[in-house]
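Report on the following structure.
Side-chain atoms are counted along with the backbone in the values below, which use heavy atoms only and exclude waters and symmetry mates. Since we're looking at a predicted model, the values are computed, not measured.
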Amino acid sequence: MHNETLMFVGKDDVAPLMFDATEIISVRSYDLKTTYVLGEDYTVVNNCIVLTENTRIPFFTLDEYYPSTSSSNAFGCTVSGKPYVYFSESGYIPNKQIVVTYKHNGDYNYYVPVDQSAEFDTTLKKLENKQSTKILFYGDSITVGCNSSGIIGIAPHAPNWATMVTEFLKDKYGTNNLTYINTAVGGKTAGWGLENVQANVIDYAPDMVVLGFGMNDVGLSMADYKATMKQMIDTIRAALPNCEIVLVSTMLPNAESTYYGNQYLQEAELQALADAYDGVGVAKMTSMHQSVLQTKRFYDMTGNNINHTNDFLARLYAMTVLQTLGQYAN
């Protein structure tokens, strides 16, 4: 495991690793510039990183993480007796996190994305033949890549997950004939996506569209969400009959925040839609995130502590989409 992220809320917090570690190779700051020392900064107990008394590893105090007064860094909290939870779109939260690289026993007990490459045969064949190919990403701030270190301008300057997907495909197929387009806009809903699909998707005439709407549709009924996404698919297909479509279900928001709602129900609606079309599949990021949350805490993997990825969760997004495309089938 390379650079798994962890964060500590309170100095006595204990941070579990995703896999059973057999050897810790390094524990570093998020920007990769500082290496922490076993026995001096941390210990390992029951597969968890534990802070020492004189640690240099950063951590949130409980009062900072759960502020009692309103501010630009306070978001509504659902925990009893705690009106707010800390929120920031800057690099403040990632710079409180550390990254751990380690060897592990290889046991994998998390969600495995289903290879749906048969749905995307046309695009994949164009890549294999090094023909001109366009992949367009359209969605909300998660698809923009908000809080990826390269987007907010902090080290280690990792790209957003959509760029990771594109660059992997370029490298795998040895092609410079793949065009990356990202028309996602932060804060937008599926309804906005439908209203703007002509200018933001159809006018570019992509071979494949990766749609990532859902996080901001918390107030929308599942019937309306499904209907809106169906109309978006139908509108794209009416103009671009051969366009293949990847529907990306959303990561979950912080369950302690007032942003948490019905996002976890959307994935089933997206799958029902995909089942009704050829050339449409679902990259089940909701299932992936839910699975990993069985071991890791939300704040270990977030960039803003409410509804955005950090670099680690962005990598999980990229790998989930790529596995859906059949690129990690082995």
What pair of heavy atoms forms the shortest contact from [X] to [Y], and how long is it?
| X | Y | answer |
| --- | --- | --- |
| Met232 | Gly193 | CE-C, 3.9 Å |
| Thr320 | Thr324 | O-OG1, 2.7 Å |
| Val85 | Ser257 | CG1-CB, 4.5 Å |
| Ser149 | Pro156 | OG-CD, 3.6 Å |
| Ala318 | Met164 | CB-CB, 3.7 Å |
| Leu17 | Thr295 | O-CG2, 3.3 Å |

Find out if a path of hydrophobic residues (ILVMFWY) with successive side-chain heavy-atom gaps under 4.5 Å connects [X] to [Y].
| X | Y | result |
| --- | --- | --- |
| Ile93 | Phe75 | yes |
| Leu136 | Leu194 | yes |
| Val165 | Val144 | no |
| Leu38 | Leu32 | no |
| Val79 | Tyr84 | no |

Between atom [atom1] of [X] and atom [atom2] of [Y], what is the distance when rounded to the nearest 0.5 Å?
| X | Y | atom1 | atom2 | value |
| --- | --- | --- | --- | --- |
| Glu89 | Cys146 | CD | SG | 6.5 Å |
| Lys226 | Lys230 | NZ | NZ | 9.0 Å |
| Met285 | Ser249 | CE | OG | 8.0 Å |
| Asp140 | His308 | CG | NE2 | 7.0 Å |
| Met251 | Met215 | CE | CE | 4.5 Å |
| Thr101 | Ile25 | OG1 | CD1 | 6.5 Å |

Quick one: do Leu270 and Met229 satisfy side-chain contact (heavy atoms from CB on, under 4.5 Å)? Show the steps, please. CA-CA 8 Å; Leu270 295 178; Met229 294 301 296; 4.1 Å; yes
Are any non-hydrogen side-chain atoms of [X] and [Y] less than 4.5 angstrom apart?
| X | Y | value |
| --- | --- | --- |
| Ile142 | Thr250 | yes |
| Met319 | Gln327 | no |
| Val246 | Val248 | yes |
| Thr309 | Ser148 | yes |
| Phe59 | Val9 | no |

Mind telling me whether Tyr86 and Phe60 have parallel, tilted or perpendicular rings, with 30° and 60° as the class edges?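 Tilted: the ring planes of Phe60 and Tyr86 meet at 30° to 60°.
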Tyr110 and Phe19 aromatic ring geometry - parallel, tilted or perpendicular at 30°/60° bounds: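 It falls in the perpendicular class, over 60°.
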Please determine if [X] and [Y] form a salt bridge, counting it only when a charged side-chain N lies under 4.0 Å from a carboxylate O.
| X | Y | result |
| --- | --- | --- |
| Arg56 | Asp41 | yes |
| Lys125 | Asp121 | yes |
| Lys82 | Glu256 | no |
| Asp300 | Arg297 | yes |
| Lys126 | Glu244 | no |

Consider only side-chain N and O atoms of [X] and [Y], and report whether a donor and an acceptor are under 3.5 Å apart.
| X | Y | result |
| --- | --- | --- |
| Ser287 | Glu267 | yes |
| Thr133 | Asp207 | no |
| Asn182 | Tyr180 | yes |
| Asp63 | Thr61 | no |
| Thr179 | Tyr204 | no |
| Asp13 | Tyr299 | yes |
| Glu23 | His104 | no |
| Gln266 | Asp217 | no |
| Asn305 | Thr302 | no |
| Tyr30 | Asn3 | no |

Gln263 vs Thr286, side-chain contact (heavy atoms from CB on, under 4.5 Å): CA-CA, chis, key distance, verdict: CA-CA 8 Å; Gln263 292 96 337; Thr286 304; over 6 Å; no
Is a side-chain donor or acceptor of [X] paired with a backbone partner of [Y] at a separation under 3.5 angstrom?
| X | Y | result |
| --- | --- | --- |
| Thr163 | Pro159 | no |
| Asn95 | Gly91 | yes |
| Asn216 | Thr189 | no |

Lys/Arg cation over aromatic Phe213: Lys188, 6.0 Å, 45° cone: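 Lys188 over Phe213 ring: no.
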Decide whether a cation-pi geometry holds between Lys96 and Tyr65; the criteria are a distance under 6.0 Å from NZ or CZ to the six-membered ring centre and an angle within 45° of the ring axis.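 Judged by the rule, Lys96 and Tyr65 form no cation-pi pair.
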Derivation and outcome, side-chain contact (heavy atoms from CB on, under 4.5 Å), residues Ile236 and Ile245: CA-CA 9 Å; Ile236 293 169; Ile245 299 172; 4.2 Å; yes
Run the side chain to side chain donor-acceptor pair (under 3.5 Å) test on Asn54 and Thr52 for me, step by step, so that the C-alpha distance in whole Å, both residues' side-chain angles and the decisive distance to 0.1 Å come before the verdict. CA-CA 6 Å; Asn54 298 313; Thr52 61; over 6 Å; no
Side chain to side chain donor-acceptor pair (under 3.5 Å) between Tyr111 and Gln294: does it pass, once the steps are laid out? CA-CA 11 Å; Tyr111 171 74; Gln294 295 175 13; over 6 Å; no
What do the steps show when you test Gln131 against Asn177 for side chain to side chain donor-acceptor pair (under 3.5 Å), and what is the final call? CA-CA 6 Å; Gln131 296 173 266; Asn177 233 356; over 6 Å; no
Asn176 atom CG, neighbour heavy-atom count above 12 within 6.0 Å: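 No, not enclosed.
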Phe312 ring center within less than 6.0 Å of Trp161 ring center: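 Ring centroids of Trp161 and Phe312 are no less than 6.0 Å from each other.
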Applying side-chain contact (heavy atoms from CB on, under 4.5 Å), run through Thr166 and Phe137 and close with a yes or a no. CA-CA 10 Å; Thr166 307; Phe137 296 81; 3.5 Å; yes
For Asp234 and Tyr277, run side chain to side chain donor-acceptor pair (under 3.5 Å): C-alpha distance rounded to whole Å, both residues' side-chain angles, the deciding distance at 0.1 Å, then the answer. CA-CA 10 Å; Asp234 289 343; Tyr277 294 87; 2.5 Å; yes
So among Thr5, Asn310, Asp31, Asp311, which one has a side-chain hydrogen bond (donor to acceptor under 3.5 Å, both in side chains) with Gln97?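 Running side-chain hydrogen bond (donor to acceptor under 3.5 Å, both in side chains) over Thr5, Asn310, Asp31, Asp311 with Gln97 returns exactly one hit, Asn310.
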